Amino acid sequence: MTTTVSLQPGLHFEASQVVAAHQLVPNVAPDWPGFVGMPPVFATAMMIGFIEQTCIQGLAPYLETGQATVGTHVDVSHVAATPQGMRVTAQVELVAIEGRTLLFKVRCEDEGGLIGEGLHRRAIIDSARFLQKLSAKSSLRG
């Protein structure tokens, strides 16, 4: 499995969105009662998902047909609360490529400044082979 030549450290990707009601902590997983009484702010899980989405979308033009990326590690702080309706921006920079592993320096800001930053690793996969292994694992359910 190879990547296109243009995939190299230094690539920057950025995306923005407005925080929606379904991205607030009490609404993330209503079947988990611990979240229900929490403050209505942009959930850490949603911030991480937004970072991943930014990486996925940014990498798409650089991958070969049949390839995708999956997250393998997240080391990100969440240092400030963001209310519903505020714009958040994710900035990701590819800082290292080790075989099929990609390391990103990541940062999220809202209209008030920094809300989170850290590192995120993704692995380039062959989608068909990945799904084949997943299917085999699913058959282990008893």
Side-chain angles (χ1 to χ4, degrees), residues 1-138 140-141:
M1 181 183 313
T2 60
T3 60
T4 44
V5 177
S6 57
L7 185 58
Q8 57 189 305
L11 290 173
H12 292 266
F13 310 118
E14 184 174 304
S16 291
Q17 69 161 39
V18 173
V19 175
H22 72 274
Q23 296 171 322
L24 304 178
V25 175
N27 304 331
V28 169
D31 54 333
W32 292 349
F35 285 160
V36 174
M38 297 297 292
V41 297
F42 190 41
T44 302
M46 292 296 171
M47 184 183 76
I48 299 299
F50 182 42
I51 288 167
E52 288 199 89
Q53 166 68 10
T54 304
C55 291
I56 291 165
Q57 291 296 112
L59 288 169
Y62 297 92
L63 300 176
E64 295 179 0
T65 301
Q67 289 182 330
T69 63
V70 293
T72 61
H73 185 86
V74 177
D75 183 6
V76 175
S77 64
H78 191 179
V79 298
T82 304
Q84 180 178 349
M86 186 170 272
R87 178 164 296 282
V88 293
T89 300
Q91 302 161 343
V92 302
E93 177 187 357
L94 181 59
V95 294
I97 301 173
E98 302 163 3
R100 294 181 297 139
T101 301
L102 309 174
L103 177 64
F104 289 88
K105 181 178 175 186
V106 301
R107 180 179 177 90
C108 275
E109 298 177 351
D110 64 19
E111 296 166 46
L114 177 70
I115 63 168
E117 64 184 340
L119 298 172
H120 174 47
R121 287 188 197 282
R122 300 192 67 75
I124 299 171
I125 61 162
D126 176 283
S127 297
R129 198 165 120 210
F130 185 90
L131 292 174
Q132 203 171 39
K133 287 182 178 181
L134 184 62
S135 178
K137 189 172 187 176
S138 293
L140 299 176
R141 291 183 290 192

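Along the sequence shown, residues are numbered consecutively beginning with 1. Just so you know, these numbers come straight off a predicted model, no measurement behind them. Every heavy atom of this structure was used, including side-chain atoms; hydrogens, water molecules and symmetry mates were not.
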Side chains of Pro9 and Ile97: closer than 4.5 Å at any heavy-atom pair? yes

Minimum heavy-atom separation for Leu7 and Leu59, please, with both atom names. CD1-CD2, 3.6 Å

Under the side-chain contact (heavy atoms from CB on, under 4.5 Å) rule, what do Glu98 and Arg121 come out as? Steps first, then yes or no, please. CA-CA 10 Å; Glu98 302 163 3; Arg121 287 188 197 282; 3.9 Å; yes

Rounded to the nearest 0.5 Å, the CD1 atom of Ile48 sits from the CD atom of Gln53 at a distance of 14.0 Å

Heavy-atom closest pair (Thr72 atom, Ala123 atom, distance to 0.1 Å) is CG2-CB, 3.8 Å

Counting only N and O atoms by type, is there a donor-acceptor contact under 3.5 Å from the side chain of Thr54 to the main-chain atoms of Glu14? no

Where do Gln17 and Gln23 land on the side chain to side chain donor-acceptor pair (under 3.5 Å) test, with the steps shown first? CA-CA 11 Å; Gln17 69 161 39; Gln23 296 171 322; 3.1 Å; yes

Interatomic spacing from OH in Tyr62 to CG in Leu102 - rounded to 0.5 Å: 12.5 Å

Indicate the atoms forming the closest heavy-atom contact of Phe50 with Ala15, along with that distance. CZ-O, 3.4 Å

Using atom types as modelled, flag every donor-acceptor pair under 3.5 Å from a side chain in residues 29-47 to any protein atom, sequence neighbours excluded.
from	atom 1	to	atom 2	distance (Å)
Thr44	OG1	His78	ND1	2.6

Let me confirm one number: the CD1-CZ distance from Ile51 to Phe13, rounded to the nearest 0.5 Å. 14.5 Å

Nearest 0.5 angstrom please: His73 NE2 to Leu119 CG, how far? 7.5 Å

For Leu131, is there any backbone N or O sitting under 3.5 Å from a side-chain donor or acceptor partner on Ser135? no

Whether His120 side chain and Leu103 backbone form a donor-acceptor pair below 3.5 Å: no

Working to the nearest 0.5 Å, report the span between CD of Gln67 and CZ of Arg129. 11.5 Å

Would Val88 and Cys108 count as a side-chain contact (heavy atoms from CB on, under 4.5 Å) here? Give the steps. CA-CA 7 Å; Val88 293; Cys108 275; 5.9 Å; no

Using only atom types and a distance under 3.5 Å, with no angle test, would you say the side chain of Thr89 pairs donor to acceptor with the backbone of Ser16? no

Before accepting this row, confirm whether a basic side-chain N of the pair Arg107/Glu93 lies closer than 4.0 Å to the acidic partner's carboxylate O. no

Distance check, rounded to the nearest 0.5 Å: Thr69 atom OG1 versus Ile56 atom CD1? 5.0 Å

